[in-house]
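The structure appears right after this line, and notes come after that.
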Amino acid sequence: MWVTSMPQVWDEEGVPKRGAADAVTPAPAAAMLSSLAGWLSRTVQPQPPPPRVCGTDGGPPVTAPRLRLRDGRHLAYCEAGVPKDKARFKVVFSHGFTGSREDTVRPSQEVAEELGVYMVGFDRAGYGQSDPNPNRSVKSAALDVEELADALGLGPKFYLIGISLGCHAVWGALKYIPDRIAGAAMMAPVVNYWWPGFSADLAAEVYAKQEVGDQWALRVSHHAPGILHWWMEQSWLPTSTVVAGTTPLPNKRDAEIRSNMKADGTFQQRMEQATQQGIHESYYRDMMVMFGKWEFDPMSLPQPPCPVHLWQGDEDGLVPVVLQRYLAGRLTWINYHELPGTGHFLSSVPGLGDTVLRTLFA
């Protein structure tokens, strides 16, 4: 008999009410994953290999500046823009899936100097040269941002920009440290199909349009994260096209960028840098956090004490624009900027980096 661990919600007449979670993952699929996870844990025990921590025996070398957090972990970071002591605005960047501390919205140096902007990006936990965090969560991502800002002396308030999947740190900051944020921007933020605030029918409809491998990779991330590493390493199972770099990209600029990155080796080089301590601690744990069970629904957040901007391309092949529109409609305090004829790789859009900074500081 199929069962599901999903909480059941009832309407006023006592009839089961279908939520986004139930619509995206039918009970049989959720139960199958639960059963498979239990069987594997009893028989195969598919544990990921231990991480190769930077700076340890056999691990990659430390070449970037790093700071030590309260729990003993290290965060690697990269500074840009004007010097801190001369800056009018201080910005922290949270990179996206497959990214690094060097990623930004690529503002021009002229605008950065005109505005007086100090910028710092960091390798999120497990990426690049930042130590892994086996307890990673949306909350820990926000607290890493706060500790980074405090360690670098950015003051009582700072600006925060998230890119793609790295925007979960922005949502976390708006939830857990809103009084520290002077302003926030999210660039094509990845969504979690299981957020309760989504319309069940809309979530299911959009989810069904994703590649089959991505549907299953996200299901496993949400319902059976303990077997995600095992699942992703099986060539006979449907797995993430995003990790493989084969997701169909409807936007011409996005498709050309990815094609060029693969042709000149940049795609593989970025992957090797991001996952050098282990793909489980970077990519797979990212998936577990982003598509797992959140402690809060972003669409239930109260209006924060700072302006929040969201940029989204209407030809994004990785983040469905219809869900972004729905989210922005629910959160009326979000300043939503939809870019026509634009895809997911917003940092490559000419002049957008300058626009983002000017808008954020307005």
Side-chain angles (χ1 to χ4, degrees), residues 46-80 92-104 106 119-137 140-152 162-166 168-169 217 221 225-226 228-235 239-240 242-245 258 260-290 345 347:
Q47 297 301 314
R52 299 174 59 248
V53 180
C54 284
T56 62
D57 290 342
V62 175
T63 60
R66 304 201 305 176
L67 55 87
R68 187 180 179 88
L69 303 177
R70 286 189 293 269
D71 63 4
R73 289 183 295 116
H74 295 87
L75 282 187
Y77 62 93
C78 178
E79 298 171 295
V92 176
F93 288 99
S94 176
H95 68 77
F97 194 68
T98 79
S100 79
R101 62 187 179 276
E102 297 178 351
D103 292 353
T104 73
R106 299 182 188 175
M119 300 170 283
V120 59
F122 68 103
D123 289 334
R124 293 190 286 102
Y127 271 83
Q129 297 183 34
S130 288
D131 291 342
N133 180 3
N135 299 312
R136 269 179 66 185
S137 66
S140 74
L143 298 183
D144 280 359
V145 167
E146 183 179 40
E147 277 205 69
L148 172 75
D150 288 342
L152 295 178
I163 302 171
S164 189
L165 191 147
H168 74 274
S221 300
L228 179 61
H229 185 276
W230 174 86
W231 184 285
M232 292 292 293
E233 299 301 309
Q234 306 306 307
S235 60
T239 58
S240 171
V242 179
V243 172
R258 188 177 66 185
N260 291 338
M261 290 176 63
K262 286 193 168 186
D264 66 13
T266 303
F267 184 91
Q268 182 65 25
Q269 187 178 59
R270 282 174 61 87
M271 182 176 184
E272 290 173 355
Q273 286 297 313
T275 65
Q276 63 181 320
Q277 297 184 93
I279 195 169
H280 180 78
E281 295 301 334
S282 47
Y283 288 10
Y284 299 165
R285 205 171 288 282
D286 244 4
M287 295 165 63
M288 293 158 59
V289 171
M290 182 67 234
F345 304 143
S347 61

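FYI, the numbering just counts along the sequence from 1.
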So, for [X] and [Y], which heavy atoms are closest and what is the spacing to 0.1 Å?
X    : Y    : value
L228 : Y284 : CD2-O, 3.4 Å
C54  : G128 : SG-O, 3.7 Å
M287 : F97  : CG-CE1, 4.0 Å
V289 : S137 : CG1-C, 3.8 Å
A217 : T239 : CB-C, 4.4 Å
P51  : P132 : CB-CG, 3.8 Å

> Relative to each other, are the rings of Y127 and Y283 parallel, tilted or perpendicular (30° and 60° limits)?
Replying inline: tilted
>> Quick check on side-chain hydrogen bond (donor to acceptor under 3.5 Å, both in side chains): which of R73, R68, H74 does D131 satisfy it with?
In response: H74
Any donor-acceptor N/O pair, [X] side chain to [Y] backbone, under 3.5 Å:
X    : Y    : value
H95  : E102 : no
S130 : A76  : yes
T56  : R52  : no
Q234 : W230 : yes

> Do D150 and R70 meet the salt-bridge criterion of a basic N to acidic O distance under 4.0 Å?
Replying inline: no
> When you check the gap from the basic side-chain N to the acidic O, do R66 and D123 get nearer than 4.0 Å?
Replying inline: no
How many angstroms lie between [atom1] in [X] and [atom2] in [Y], if you round to the nearest 0.5 Å?
X    : Y    : atom1 : atom2 : result
M288 : R136 : CE    : CZ    : 9.0 Å
I279 : M232 : CD1   : CE    : 6.5 Å
N133 : S140 : CG    : OG    : 5.0 Å
D286 : H280 : CG    : NE2   : 11.5 Å

> Does the side chain of T63 reach to within under 4.5 Å of the side chain of Q129, using non-hydrogen atoms?
Replying inline: yes
> So Q269 and Q273, side-chain hydrogen bond (donor to acceptor under 3.5 Å, both in side chains) or not? Walk me through it.
Replying inline: CA-CA 6 Å; Q269 187 178 59; Q273 286 297 313; over 6 Å; no
>> Can a side-chain donor-acceptor contact be found between E272 and Q268 if the only test is distance below 3.5 angstrom?
In response: yes
